[in-house]
Amino acid sequence: MLCMTVTESIITIAIVAGATMLTRFLPFFIFPEGRQAPAYIRYLGTVLPFAVIGLLVVYCLKDAVFADTHALPELLALGFILVLHFIKHNALITILGGTIFYMVLVQNFFTA
């Protein structure tokens with residue numbers, strides 16, 4: 001078993017913290033408050049959230065068809081999420097409600 005020394009641990013934590021801070025602060029240095037971002041950055045800001053959500057849906061459902069339940073709990077949860085989002089228009093409520101609904105399904109009704 002490999003263990004890091006205290007010095008190595010501190011250096012690792014410092015590098016990770018520095019890299020995290022750099023990715024958080026760099027956009028504010030590149031695009032200061034008085035300066036408008038380039039058109040392609042604004043375009044990415046409008047299309048990437050939808051692309052990420054689509055990617056997450058595909059990733060979450062990719063193995064569901066081959067499960068014993070043939071994606072039934074996933075499809076029920078997806079329908080519940082859509083209805084909940086159209087009713088509430090709140091991403092946090094939709095995410096929490098969908099997660100809770102899916103976990104209740106797989107732990108109580110679709111147990112193996």
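All of these numbers come straight from a predicted model, not from anything done at the bench. Values below: every heavy atom of this structure, side chains too, minus hydrogens, waters and symmetry copies.
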Report task. Report whether L78 and L76 are members of the same hydrophobic cluster (ILVMFWY, side-chain heavy atoms less than 4.5 Å apart, transitive linking). Result -> no
Report summary line: To the nearest 0.5 Å, atom CD1 of I95 lies from atom CD1 of I81 at 9.0 Å
Report summary line: Heavy-atom nearest pair, F31 first then P38, reads CE2-CD, 3.2 Å
Report summary line: Interatomic distance, CG@L96 vs CZ@F101, rounded to 0.5 Å, equals 15.0 Å
Query - Q107 side chain to V104 backbone, donor-acceptor under 3.5 Å - result: no
Report task. To the nearest 0.5 angstrom, please state how far the CG atom of L75 sits from the CG atom of L105. Result -> 11.0 Å
Query - Joint cluster assignment, V52 & L44, ILVMFWY side-chain distance < 4.5 Å - result: no
Report summary line: Tightest non-hydrogen contact, residues A91 and H85, listed as N-CE1, 4.4 Å
Query raised in the report: About how many Å separate CG of L48 and CD1 of I53, when rounded to the nearest 0.5 Å?
Result: 11.5 Å
Query raised in the report: How far apart are the closest heavy atoms of M4 and T12, and which atoms are they?
Result: SD-OG1, 3.7 Å
Query - Spacing of I11 atom CD1 and T5 atom OG1 [to the nearest 0.5 Å] - result: 7.5 Å
Report summary line: Correct closest heavy-atom pair for P73 and F110 would be CB-CD1, 3.7 Å
Query raised in the report: Do R24 side-chain atoms and A19 backbone N/O form a donor-acceptor pair below 3.5 Å?
Result: no
Requested in this report: Carefully, step by step, assess T94 and L82 under the rule side-chain contact (heavy atoms from CB on, under 4.5 Å).
Outcome: CA-CA 8 Å; T94 303; L82 290 173; over 6 Å; no
Report task. Can you see which heavy atom on I93 is nearest to which on K88, and at what distance? Result -> CG2-CG, 4.2 Å
Report task. Kindly give the heavy-atom pair with the smallest separation between C3 and E8, and that separation in Å. Result -> O-OE1, 4.3 Å
Query raised in the report: If two hydrophobic side chains count as joined below 4.5 Å and joins carry through other members, does Y40 share a cluster with I30?
Result: yes
